[in-house]
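First up is the structure itself, then whatever we jot down about it.
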Amino acid sequence: MQAEVFSILVIMCVMVVFILLSKHSIDKYEEGSKPQGFALYAIAYVQAILSITVPVMGKKRGRAMAAYIGAVFMFILLSNWSGLVGLKNPTANFSVTLTLAFVTWISIQITKIKENGLKGYISDFFKPFFFFVIPNIFSTIAPLISLSLRMFGNVLSGTIIMTMLYSFTGWLSGSIPVIGGFDFIGVIVAPWLHLYFDIFSGFLQAFLFVSLTTIFIGIEYKEDLNNG
């Protein structure tokens with residue numbers, strides 16, 4: 001777990017540096033002019049996050065939730081990509097993905113209580129009939145389990161596959177005389193698999209997590225999204 005903690009600290013430092021540089025660049029940005037440097041990336045990033053939250057939650061709630069969704073997406077993305085620079089993937093540890101999923105799950109329950117009241121929240125467990133309480137409890141817990149296991153399983157499986165690949169290519173290269181001391185086969189094959197397992201799959205898992213988080217929370221709102 002110490003390796004994951006170190007990776008998390010490094011990732012948080014990277015995020016803080018990016019945020020500070022973006023703020024410094026935006027402070028110098030004049031409205032109406034063409035954004036450049038970190039201001040351009042920051043504006044594009046915020047617009048991308050808003051395109052996820054606003055259509056599902058409405059303008060007011062979507063903007064309020066965008067800061068959390070944007071921070072979580074960046075953290076998960078950097079965590080999934082951290083293996084490319086030799087760090088331990090934090091998201092390959094179930095305690096990390098479970099914690100992220102638990103924050104989302106708590107947000108869902110808080111939203112549901114705000115919309116229905118505590119009495120309505122409890123009474124929903126007994127709808128449409130009293131004996132549906134067990135299935136309703138499981139359906140309430142399901143997002144916590146699915147969000148945490150989906151990301152953990154995909155990231156861990158990619159890590160295991162790449163570890164097995166390097167072991168195999170190292171053995172295969174070692175069986176070749178003279179140049180066998182160098183894993184030249186792994187150098188040729190591994191980058192293409194890293195492109196999928198680390199870069200593409202890492203982005204996809206981060207996008208799915210924030211999208212599902214937005215949807216799970218958004219469906220609990222009862223008011224018209226155009227007014228919310």
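Scope of the values below: all heavy atoms of this structure, side chains included, with no hydrogens, waters or symmetry mates.
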To which residues is V16 joined in a hydrophobic cluster, defined by side-chain heavy-atom contacts under 4.5 Å among Ile, Leu, Val, Met, Phe, Trp and Tyr, whether direct or through other members? L20
Roughly how far, to the nearest 0.5 Å, is the CG atom of L9 from the CD atom of E4? 12.0 Å
Hey, does V96 have a side-chain heavy atom less than 4.5 Å from the side chain of I8? yes
For F73, give me all partners under ring-ring contact (aromatic ring centres under 6.0 Å, His included), at least two apart in sequence or on another chain. F203
With rounding to the nearest 0.5 angstrom, report the CG to CD1 distance, N116 to I122. 11.5 Å
Do any side-chain atoms of residues 37-49 form donor-acceptor pairs under 3.5 angstrom with protein atoms, and if so which ones, sequence neighbours left out?
from	atom 1	to	atom 2	distance (Å)
Y45	OH	G70	O	2.5
Y45	OH	M74	N	3.4

Considering only residues two or more places apart or on different chains, which pairs with a residue in residues 8-19 satisfy salt bridge (charged side-chain N to carboxylate O under 4.0 Å, His left out)? none
So side chain to side chain donor-acceptor pair (under 3.5 Å) across residues 144-156, not counting sequence neighbours, yields none
List the atom of E220, the atom of E115, and the distance in Å for their closest heavy-atom pair. O-CG, 3.3 Å
Report all side-chain donor-acceptor pairs from residues 204-217 shorter than 3.5 Å, counting only partners two or more places apart or in another chain.
from	atom 1	to	atom 2	distance (Å)
S211	OG	F207	O	2.8
T213	OG1	T104	OG1	3.1
T213	OG1	F209	O	2.8
T214	OG1	V210	O	2.7

Salt bridge (charged side-chain N to carboxylate O under 4.0 Å, His left out) partners for K23, two or more places apart: D27
In the structure I gave you, are the side-chain heavy atoms of F75 and M12 within less than 4.5 Å of one another anywhere? yes
Hydrophobic clustering (ILVMFWY, side-chain heavy atoms < 4.5 Å, transitive) - are F18 and I11 grouped together? yes
Closest non-hydrogen contact found for L147 with A101 is CB-CB, 3.8 Å
Any side-chain heavy atom of L98 sitting closer than 4.5 Å to one from L144? yes
Could you list the residues that satisfy side-chain contact (heavy atoms from CB on, under 4.5 Å) with I19, not counting sequence neighbours? none
Gap between atom OG1 of T111 and atom CE of M57 - 0.5 Å precision: 7.0 Å
May I have all residue pairs that pass ring-ring contact (aromatic ring centres under 6.0 Å, His included) and include part of residues 133-163, sequence neighbours excluded? F94-F152
Of all residues at least two apart in sequence or in a different chain, which pass the salt bridge (charged side-chain N to carboxylate O under 4.0 Å, His left out) check with K127? D124
Any side chain to side chain donor-acceptor pair (under 3.5 Å) involving residues 134-145? Give me the pairs, sequence neighbours left out, ordered by first then second residue. none
Would you sort out whether L50 and R63 count as a side chain to side chain contact (heavy atoms under 4.5 Å, CB included), showing the intermediate values? CA-CA 7 Å; L50 289 175; R63 286 182 175 275; 4.0 Å; yes
Taking side chain to side chain donor-acceptor pair (under 3.5 Å) as the cut-off, I'd like each qualifying pair that reaches into residues 71-91, sequence neighbours left out, listed once. N80-T91
